[in-house]
Amino acid sequence: MDKTRLRIAIQKKGRLYTDSMDLLTRCGLKVRIGKNSLFYHCENFPIDLLLVRDDDILTLVTDQICDLGIVGENVLFEQQLQTQAQTDSDLFEIVKKLGFSPCRLMIAVPENRSFDGIASLNGDRIASSYPYLLQQFLDKHQLNAKTLHLSGSVEIAPRLEMADSICDLVSTGRTLEENNLKIVAEVMHSQAVLIKPPGVFAEDKHALFELLLNRIHGAIKAQESKYIMFHAPKEAVEAIRKLLPGSEIPTVMPLGDADKVAVHVVSPEGVFWDTLEKLKKAGASSILVLTIEKMLN
Ligand code: PRT
Ligand code: ZN
């Protein structure tokens, strides 16, 4: 592998692809993705992208074919448990939780089944694409159930009488509803994460990695933060600031009206309507909330 370029594995198509590409674009990376190739050079950065199935990303990073990968924690921890049986050494490091592709791995049973706590799972056949995470959950709760490993369409297993319950990813809950299933237990929360092989990169790569990581921090922070501008009576500024937890020291500027000031402040969180209504009640007027495109601290 080229020692002066970073190679990143991302999902080729599916739920992680768009958000992974969007993040890299917001970091300033220019890549023209075509239809057939799996390997792309970034036009303005010594970075290459390898587009693969999400199931291959951990292996590509562990085997150091790629320097970085973006993958869901569900796939990552399932494969880690699977591999742990064969090796003791660390497979990866999580560099950053990326916040996108959130979902939960849940145990669900038919809606019409009476269910009295997770002990009711004893003796069940549970269908899942995540047998290792499921077994870990069963062991933790000292439950004695049988796992049926299916690679897809897990939700139809109870209707086909292949299983009594399922353990599957849930996002909106619509799939469960359509299949007359109800959630009875949560196995894990998941989101997309950036991973790398354990240890430190060689010098050139390390500098590139640090640069990209700073941009990723900045891109995520900019997306979460808001720039807020408003007018307020001077004496109300402190109380108003307290309504914006975590905000930085505001810029306060005089206005023509001697008692009033203009305030500009960056809030690290999204600002909801009820916060704006509270700001107004505390004396703020002409309130503007703007998105931030880039941020570098
Ligand atoms: O081809 P490749 O192997 O790369 O893709 P894939 O088919 O294995 O994965 P893909 O693209 O479906 O999902 C990639 C990752 O997105 C997953 O590993 C999760 O980290 C994340 N993710 C987020 C989800 C969901 N939400 C999700 N809802 N992955 C799958 N689902 C499925 C779930 O299995 C169920 O069938 O969607 C259905 C439930 O959705 P709701 O909205 O009806 O609850
Ligand atoms: Zn997959």
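Order of listing sets the numbers, starting from 1, for every ligand and every atom in it. Because only heavy atoms are used, hydrogens play no part in the values below, and waters and symmetry mates are left out as well, while side chains stay in.
Salt bridge annotation for Glu111-Lys182: absent, with no cationic side-chain nitrogen under 4.0 angstrom from a carboxylate oxygen. Salt-bridge annotation for Asp67 and Arg7: absent, with no side-chain N of the basic residue lying under 4.0 Å from a carboxylate O of the acidic one. Salt-bridge check for Lys281 with Glu277: failed, with every basic side-chain N at 4.0 Å or more from each acidic carboxylate O. For Glu269 and Lys226, the salt-bridge test fails: no basic side-chain N is under 4.0 Å from an acidic carboxylate O. A salt bridge links Asp124 to Arg113: one of the charged nitrogens lies within less than 4.0 Å of a carboxylate oxygen.
Checking Glu78 against Asn74 by side-chain atom types alone, no donor-acceptor pair falls below 3.5 Å. Residues Thr4 and Asp204 bring no donor and acceptor atom of their side chains to less than 3.5 Å of each other.
Looking at heavy atoms from C-beta onward, Leu49 lies out of side-chain contact with Phe39 at the 4.5 angstrom threshold.
Ile47 and Ile65 are members of different hydrophobic clusters when ILVMFWY side chains are connected at heavy-atom separations under 4.5 Å. Linking Ile, Leu, Val, Met, Phe, Trp and Tyr residues whenever their side-chain heavy atoms come within less than 4.5 Å leaves Leu138 and Ile166 in two separate clusters.
Distance OG/Ser267 to OH/Tyr227: 12.5 Å, rounded to 0.5 Å. To the nearest 0.5 angstrom, Ser20 atom OG is 7.0 Å from Ile57 atom CD1.
Residue Asp54 places at least one N or O, backbone or side chain, under 3.5 Å from an N or O of ligand 1. Distances between N or O atoms of Thr172 and those of ligand 1 include at least one value under 3.5 Å. Residue Gly72 has no N or O atom closer than 3.5 Å to an N or O atom of ligand 1.
Under the 4.0 Å distance rule, the nearest protein heavy atom to atom 7 (O) of ligand 1 falls outside the cut-off.
Here the protein heavy atom with the shortest distance to atom 26 (N) of ligand 1 is Cys103 CB, 3.5 Å. Atom 15 (C) of ligand 1 has as its closest protein heavy atom Leu16 CG, 3.9 Å. In terms of protein heavy-atom proximity, atom 20 (O) of ligand 1 is closest to Asn74 OD1, 2.7 Å. At the top of the distance list for atom 28 (N) of ligand 1, counting protein heavy atoms only, stands Ser171 CB, 3.3 Å. Regarding atom 5 (O) of ligand 1, its nearest protein heavy-atom neighbour is Gln11 NE2, 3.0 Å. The nearest heavy-atom contact from the protein to atom 33 (C) of ligand 1 is Leu169 O, 3.3 Å.
Summarising the contacts of atom 34 (O) of ligand 1 with Leu176, Asp56, Val193, Asp168, the nearest heavy atom is found in Asp168. With Lys12, Arg15, Arg53, Lys13 as candidates, the residue nearest to atom 31 (N) of ligand 1 on a non-hydrogen basis is Arg15. By heavy-atom distance, the residue among Asn179, Thr175, Leu105 lying nearest atom 39 (C) of ligand 1 is Thr175.
Under the ring pair (Phe, Tyr, Trp, His ring centres under 6.0 Å) criterion, the residue pairs touching residues 191-226 are Phe201-Phe209, with sequence neighbours excluded.
The shortest heavy-atom distance from Gly152 to ligand 1 is not under 4.0 Å.
In Pro102, the part holding a heavy atom less than 4.0 Å from any atom of ligand 1 is the backbone.
Protein atoms that are N, O or S and lie under 2.8 Å from the Zn ion (ligand 2) are these: Asp54 OD1, Asp55 OD1.
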